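So the structure is just underneath, and the comments pick up after that.
Just so you know, residue 1 is the first one in the sequence shown, and it goes up from there. These figures come from a predicted structure and were not determined experimentally.
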Amino acid sequence: MIWGALIGAGASLLGTTAQIGLGINSLRQTKQALEQSKQALEFSKQQYTEEKKNYDSYMTQTNDSANAYDEMKRKINTNINANDQLPMEKL
């Protein structure tokens with residue numbers, strides 16, 4: 001009887017130990033998955049930063065072009081207005 005109880009307790013202990021081992025492996029896998037997610041997030045952050053920098057540069061160039069166009073249009077209009085003020089015999 002005692003041997004049966006001891007064997008049962010030993011088997012139960014082995015089962016518990018196996019469950020603890022599985023739990024530890026599961027935690028290791030979770031830790032690895034979290035580390036991979038962290039690396040992917042860092043990569044995405046770097047990509048976003050690079051794309052934002054490219055976008056900002058594009059917008060700066062676009063604004064500069066728009067400003068240059070507006071300045072050229074202003075000068076043309078100024079010349080047209082000046083020509084409109086000239087007497088007809090000077091044209």
Side-chain angles (χ1 to χ4, degrees):
M1 285 278 208
I2 292 177
W3 289 111
L6 286 175
I7 290 173
S12 177
L13 183 59
L14 283 175
T16 302
T17 303
Q19 287 178 340
I20 291 171
L22 290 174
I24 290 171
N25 283 338
S26 178
L27 288 173
R28 284 185 183 137
Q29 290 172 347
T30 301
K31 181 181 176 185
Q32 288 174 343
L34 286 172
E35 185 60 35
Q36 288 172 347
S37 293
K38 180 181 172 185
Q39 291 171 356
L41 182 61
E42 184 61 33
F43 179 72
S44 293
K45 182 181 171 185
Q46 290 171 352
Q47 280 185 315
Y48 170 79
T49 301
E50 186 64 28
E51 288 298 321
K52 173 106 172 64
K53 187 173 76 174
N54 290 340
Y55 173 78
D56 289 345
S57 175
Y58 168 78
M59 289 307 293
T60 298
Q61 291 172 4
T62 301
N63 288 336
D64 289 348
S65 294
N67 289 340
Y69 172 80
D70 288 344
E71 179 63 19
M72 183 177 59
K73 191 166 89 173
R74 186 190 65 73
K75 286 180 180 178
I76 289 171
N77 285 334
T78 299
N79 286 339
I80 290 172
N81 289 337
N83 286 339
D84 286 347
Q85 302 300 318
L86 290 175
M88 286 304 279
E89 54 279 346
K90 294 225 176 183
L91 294 175

Taken to the nearest 0.5 Å, the spacing of N54 CG from M59 CE works out to 13.5 Å

Next on the checklist: If you define the side chain from C-beta out and look only at heavy atoms, does anything of R28 sit under 4.5 Å from K31?
Outcome noted: no

Would a 4.5 Å heavy-atom cut-off, applied to side chains only, mark K75 and M72 as touching? no

Value for NZ (K53) from OG (S57), rounded to nearest 0.5 Å, stands at 9.0 Å

Do the side chain of S26 and the main chain of L22 share a donor and acceptor less than 3.5 angstrom apart? no

Under a 4.5 Å cut-off applied to non-hydrogen side-chain atoms, are F43 and Q39 in contact?
no

Margin query: Evaluate L34 against K38 for side chain to side chain contact (heavy atoms under 4.5 Å, CB included), listing each step before the verdict.
Written below: CA-CA 6 Å; L34 286 172; K38 180 181 172 185; over 6 Å; no

Using a strict threshold of under 4.0 Å (side-chain N to carboxylate O), is an ion pair present between D56 and K52? yes

Legend entry - Within one Ile-Leu-Val-Met-Phe-Trp-Tyr cluster: Y69 and I76, side-chain cutoff 4.5 Å: yes

Donor-acceptor contact below 3.5 Å, side chain T78 vs main chain R74: yes

